[in-house]
Number of protein chains: 2
Amino acid sequence: MTLAEAADSQNTPLETVPRNATSTEAICARILERHRDRVSVRKPHLATANLARIIEAVLKLSSRQSFHEMSLRDLARVSGLSMGGLYSYFDNKNTLLVMILTEVSETVGAVLRDAPAGLDADPAAHLRWLIDTHIRLTEAMQPWFVFAFMEAKGFPAAARAFATESELATERIFADVLARGVAQGVFTVPDIDLTAALIKPLLQDWYVKRAKYRKRGTPIHAYVAGVIAFVERAIART
Amino acid sequence: MTLAEAADSQNTPLETVPRNATSTEAICARILERHRDRVSVRKPHLATANLARIIEAVLKLSSRQSFHEMSLRDLARVSGLSMGGLYSYFDNKNTLLVMILTEVSETVGAVLRDAPAGLDADPAAHLRWLIDTHIRLTEAMQPWFVFAFMEAKGFPAAARAFATESELATERIFADVLARGVAQGVFTVPDIDLTAALIKPLLQDWYVKRAKYRKRGTPIHAYVAGVIAFVERAIART
DNA sequence: AAAAAATTCGAGCGCTCGCTCGTTTTTTGG
DNA sequence: CCAAAAAACGAGCGAGCGCTCGAATTTTTT
């Protein structure tokens, strides 16, 4: 099952995350564009397909051990390429880290900033949309987000700074909506920045502790509804 | 600065976590007791002191890279022991993982179950105590908790199962208090298990994203107060 | 169908890893 | 103060690492 299919099978009619943005192939096409100079294979279809196989293998192997424990021989075996073949798609192992992190950061920013028109006028609806979209995006790209979350520590300094900034940008999107809700008198929030910071881990828990919720049989719509209810009661006008 | 000193400097008069339980020396004395058969040095004082130096070095090195990237030569240099000397304190590198994980799991369970007498009768106060105590404990033992959280994936299967069970046990403590509050009519909680699951990441964010809160200048008492306020409004009787 | 270009291959290189063990140093007890 | 016991030492081992490069294979062009 591909990532996109996994997303589809969980999606409700309220789906807000377009499949064409989250399929492994689509993501790898974007990665390829962004790192064309590191990939020596010139034919785009071939390069995209093989890069997808490589990165899917990285995400699979890194879910059981850390990225640095994964050897390139493991990666060659699981991806189906040879040792030498791998190096046509990246110049060194660390580039794989950077490719994945960068794409996750860019994607989450792009998706969350693309709210349906008119939603700015209704902070409560906008907040619900943000929560729903964030959780569904991380569900559709779960291995990517887990990887970025768990391996961020080992990134080169520049990439780590970029990831941190991306995190803060997401938080700011939530803080803005909270501020607008307070201004319109629909929310009561004593500390907007702290509240935005507290909403974040509620969204992340769905992918960080995915195994727990799967074992428990919690469907995604129940989790989304639970988080929305929890947050809305916590910030409801008093 | 030792872990205990770091805890002290943040503690308010409301402090609920005893220093003697969270100093590196005290923790390592307990580790030594639990793994006496793996440590060949017989003199307890010497063994505790050196084990403390070793584990402090592990936590320090693993905060910048992953545990598996940390070489035993790095560990020897930072801890001040020789390569051979290290192996008087553990039989292989993985044992270090298990020592730290086990002690974190045991400690959090022991501390959270040791609530002051009479608190069972007052679910709201008990919940506040649990939140306060959990956050302060993880503050006092921050490197330990970060390590257990980030490296859990790489544990041997048995140790990972143990860690998962410990996680669930903590969640059950919160679920019990929520259930008692609902029974007494002081809380309104539609889904007790999901709510308990959502409180957990709010507590964990303080140590997982410690750098963010430090940079932002959020003091621990403000974070504790923020979480308590957020949770109490979310579950307040309607 | 042959020549040229693009892509894939995998044994081998230098290196560092976890771990060992014979030796040296420190501590202990009479 | 010395011999025995305990502890610490660190060079060295085989294994596996990231990475390379000339050869082999596949695809494209003519």
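Just so we're on the same page: letters track the sequence lines, and every chain starts at 1.
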Student: Expressed in angstrom and rounded to an integer, what is the separation of B:His68 atom NE2 from C:dC19 atom C1'?
Tutor: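 Whole-Å distance recorded here is 14 Å.
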
Student: Grab the CZ-P distance between B:Arg77 and C:dT16 for me, whole Å please.
Tutor: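 It is 14 Å, rounded to the nearest whole Å.
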
Student: Does the side chain of A:Ser79 pick up a donor-acceptor pair with the side chain of A:Arg53 at under 3.5 Å?
Tutor: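 No, no side-chain donor-acceptor pair sits under 3.5 Å.
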
Student: Can you confirm whether the side chains of B:Tyr213 and B:Asp205 place a donor and an acceptor under 3.5 Å from each other?
Tutor: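 Per modelled atom types, B:Tyr213 and B:Asp205 side chains form a pair under 3.5 Å.
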
Student: Using heavy-atom distances to pick each residue's nearest nucleotide on DNA chain C, tell me which of A:Leu46 and B:Asp74 is more 5'.
Tutor: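 Closer to the 5' end of DNA chain C: A:Leu46.
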
Student: Taking any heavy-atom pair under 4.0 Å as a contact, classify A:Phe90: base, sugar-phosphate, or nothing.
Tutor: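 Answer is nothing: A:Phe90 stays at 4.0 Å or more from every strand.
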
Student: Would you kindly check if the NZ (Lys) or CZ (Arg) of A:Lys93 is within the cone defined by 45 degrees around the ring axis of A:Phe67 and under 6.0 Å from the six-membered ring centre?
Tutor: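 Yes - A:Lys93 lies over the ring of A:Phe67, closer than 6.0 Å to its centre and within 45° of its axis.
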
Student: In whole angstrom, give the distance that lies between atom CE of B:Met83 and atom C1' of C:dC21.
Tutor: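 After rounding, the reported distance stands at 13 Å.
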
Student: Nearest whole Å is fine: how far is C:dC17 C1' from B:Leu86 CG?
Tutor: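 Result: 14 Å.
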
Student: Rounded off to whole Å, could you give me the CZ-to-P distance for the B:Phe67 and C:dC17 pair?
Tutor: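 The distance from CZ of B:Phe67 to P of C:dC17 comes to 14 Å, rounded to the nearest Å.
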
Student: Touch check for A:Asn50, heavy atoms < 4.0 angstrom, all strands: base, sugar-phosphate only, or nothing?
Tutor: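 Sugar-phosphate contact only - A:Asn50 comes under 4.0 Å of backbone atoms but never of a base.
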
Student: So, taking the atom named CZ in B:Phe155 and the one named CG in B:Leu101, what distance separates them when rounded to the nearest 0.5 Å?
Tutor: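 One finds 4.0 Å between CZ of B:Phe155 and CG of B:Leu101.
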
Student: Hey, which sits more toward the 5' end of DNA chain D by its nearest nucleotide, A:Glu69 or A:Gly84?
Tutor: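 Checking each residue's closest nucleotide, the 5'-ward one belongs to A:Glu69.
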
Student: Under 4.0 angstrom, heavy atoms only, what part of the nucleic acid is A:Leu81 near: base, sugar-phosphate, or nothing?
Tutor: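 Sugar-phosphate contact only.
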
Student: Reading DNA chain D 5' to 3', which nucleotide is the first, and which the last, to come under 4.0 Å of any heavy atom in chain A?
Tutor: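 The contact span of chain A on DNA chain D goes from D:dC17 to D:dT28.
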
Student: Please state whether the phosphate of C:dT8, meaning OP1 or OP2, lies under 4.0 angstrom from any side-chain nitrogen or oxygen of A:Tyr89.
Tutor: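 The answer is yes; a side-chain N or O of A:Tyr89 sits under 4.0 Å from OP1 or OP2.
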
Student: Whole Å only: how far is the NE2 atom of A:His45 from the P atom of C:dT7?
Tutor: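 Spelled out: NE2 on A:His45 to P on C:dT7 is 14 Å.
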
Student: Indicate whether the side chain of B:Glu139 and that of B:Trp206 have a donor and an acceptor atom separated by less than 3.5 Å.
Tutor: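 Yes, a side-chain donor-acceptor pair sits under 3.5 Å.
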
Student: Which sits closer to the 5' end of DNA chain C, B:Ser71 or B:Lys43, going by the nucleotide each is nearest to?
Tutor: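 Closer to the 5' end of DNA chain C: B:Ser71.
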
Student: Could you check A:Leu81, A:Leu32, A:Val41 and say which one makes a side chain to side chain contact (heavy atoms under 4.5 Å, CB included) with A:Asn50?
Tutor: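 With A:Asn50 as partner, A:Leu81, A:Leu32, A:Val41 yield a single side chain to side chain contact (heavy atoms under 4.5 Å, CB included), made by A:Leu81.
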
Student: What nucleic acid atoms does A:Arg73 come within less than 4.0 Å of, heavy atoms only: base, sugar-phosphate, or nothing?
Tutor: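 Base contact.
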
Student: With salt bridge (Lys or Arg N to Asp or Glu O under 4.0 Å) as the test, would you mind laying out the steps for A:Glu167 and A:Arg172 before giving the verdict?
Tutor: CA-CA 9 Å; A:Glu167 266 268 328; A:Arg172 235 174 282 127; over 6 Å; no

